[in-house]
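Reviewing the structure listed below.
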Amino acid sequence: MTVLQSAPTQIPPFARILQLAMSSWVAAAVSAAAELAVADALAQGPRGVEDLAKELDADTTNLYRLLRTCADIGLFEEQEGRVFALTEVGQALRSDAPDSMRNFARWVGLPAERSTWTGLAESVRTGRSVFETVHGKPVWEYMRDNPEVSEVFDLAMTDTSSQVTTPVVKAYDYSSFRKVVDVGGGHGQLLAAILSANPQAQGVLFDQPEVTAGAGAEFEKAGVQDRVEIVGGDFLASVPEGGDAYLVVNVLHNWEDKKAEIILSRIREAMADDGRVLLVEVVMPADGDEGLTVKLMDLNMMAHADGVQRSEAQYAELFAKAGLKLSRILPSGGLCSIVEAVRA
C-alpha cells in the first residue's frame, strides 16, 4: 500500500492521478497471474515462457506480456531469454505457501468483486451498497445462487483467515474458557487452532448450513474433531447457547449497525453470565491517523453490503445498544485486533 500512500515529489500531479487510476489494472494483472496459477508452475525454479504457456494452456505471446508486467510490480523476475522466476513476494501466490494469498487475488478479479466497485460513486450518493444494483441480487443471495463464485470467496476468506489465525491465538488467553462458540466461523480454521492450543475447551462451529456442510477437515487435521459440534443456522435469528466465549471473526463488518446490533443481541441472549464476546476485526484508526488499508476495506464494505469497518468508539456504541460493554481492544500483532466485550 506504500505506493498509494506516498507520492514521490518528482511526479507531476497529472502523472500521479494517472498512476492512481491505473492501480485497478495492477490488481487485474495480479488476479490473472493467480487465476492461471503461474506461481505454482514456477515453484520448482525458473522456466521459459514457452514452457509455461504449454503447461498453463495459455497463449505464449499474451502470457509473456502478463509476466513482464508482473515482473515490474515485483511478483516475478525476468531473466535472459524470456525466462521467469518467482520473487519473495511472488511466493505468496503459490497455492501451497503458508502465507498464500492466491485465492484472495483470484477473488478480487471476479466480476462479483470488480464490477461492484464501478458503483462506488452511486453508493456515496445514495448511502446504500450497490451490489444489488450491479448484480441484480443482494450479496449473500447472489453467493447462494452462484456456488462457483461462493467457493472462490470462501477460499479467499480462508486465505485471509490463515494470516489472522496464529497472531489471534497467541494474543489472547483462552485457557479459562470451557465452551467456545465460533459464530459465522466458516470452516473453523481459527476455532481448530484455539482448541488445539487449549485442550480444556469444547467448541461449536456455527454458520449457514451450506457453509457448515463443507466443514470438518480443519478439525480432523488439528485432531480436535471429538471436541467440536458443527451447527447450521442463521445468526440473525439465534446462536448456540451456553458458551463462555463467542468468537465473531471478520463477520460484523459485513453488516450495517441495525443488523450488527441484532447479531450481538442474539449472542448476549445465548452467552453465559460471565461470558466474553471476542470480535476479531480490523479497527478503524482514530481520526487523522493513517490507515489506508483499513479505509479501502471500509469502502469495499460500503459498496458490497452496507457494512463498515468500525472505530473503537463505534464498537463501544454498538455494544451498548446490544446490552454489552466494550472491555478492551488487544492488538494481535497482525492487521486485526481482538475487540472484547462483556455483559453490561
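The basis for the numbers below is simple: all heavy atoms, side chains too, and nothing from hydrogens, waters or symmetry mates.
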Heavy-atom donor-acceptor pair, Thr69 side chain to Arg65 backbone, under 3.5 Å: yes

Any donor-acceptor pair under 3.5 Å from Arg47 side chain to Ala41 backbone: yes

Under 3.5 Å: donor-acceptor pair, side chain of Arg102, backbone of Ala34: yes

CD on Glu241 to CD on Glu269, rounded to 0.5 Å: 9.0 Å

Intermediate values then yes/no, side chain to side chain contact (heavy atoms under 4.5 Å, CB included), Leu324 and Val277: CA-CA 9 Å; Leu324 297 164; Val277 180; 4.1 Å; yes

Gap between atom CG of Leu155 and atom OG of Ser150 - 0.5 Å precision: 9.5 Å

Side-chain (Ser327) to main-chain (Glu340) donor-acceptor, under 3.5 angstrom: yes

Qualifying residue for side chain to side chain donor-acceptor pair (under 3.5 Å) with Asp257, from Arg310, Lys321, Gln314: Arg310

Ring-face cation contact, Tyr246 with Arg276, 6.0 Å cut, 45° max: no

Donor-acceptor contact present, side-chain Ser31 to main-chain Ala105, <3.5 Å: yes

Same apolar cluster (I L V M F W Y, side chains within < 4.5 Å links), Phe131/Trp107: yes

Heavy atoms from other residues, nucleotides or ligands near NZ of Lys170 exceed 12 (cutoff 6.0 Å): no

Donor-acceptor under 3.5 Å (Ser100 side chain, Arg94 main chain): yes

Aromatic ring proximity Phe206/Phe235, centre distance under 6.0 Å: no

Donor-acceptor pair between His253 and Gln309 side chains, under 3.5 angstrom: yes

Heavy atoms of other groups near Phe84 CZ, more than 12 under 6.0 Å: yes

Between Asn300 and Trp117: side-chain donor-acceptor atoms closer than 3.5 Å: yes

Check: Arg343 and Asp273 side chains under 4.5 Å, non-hydrogen atoms: yes

From CD (Glu35) to CG (Leu110), nearest 0.5 Å: 7.0 Å

Arg178 side-chain N/O to Gln200 backbone N/O, donor-acceptor pair under 3.5 Å: no

Under 3.5 Å: donor-acceptor pair, side chain of Glu281, backbone of Val283: no

Whether Asn254 side chain and Gly307 backbone form a donor-acceptor pair below 3.5 Å: no

Val228 vs Leu195, side chain to side chain contact (heavy atoms under 4.5 Å, CB included): CA-CA, chis, key distance, verdict: CA-CA 9 Å; Val228 179; Leu195 294 179; 3.3 Å; yes

Euclidean distance, Thr158 OG1 relative to Phe153 CZ, rounded to 0.5 Å: 10.0 Å

Euclidean distance, Met284 CE relative to Met297 CE, rounded to 0.5 Å: 9.0 Å

Rounded distance [0.5 Å steps], CD in Gln189 versus CE in Met157: 12.0 Å

Donor-acceptor under 3.5 Å (Asp244 side chain, Phe177 main chain): no

ILVMFWY network linking Ile263 to Leu205, side-chain heavy atoms under 4.5 angstrom: no

Between Asp40 and Ser95: side-chain donor-acceptor atoms closer than 3.5 Å: yes

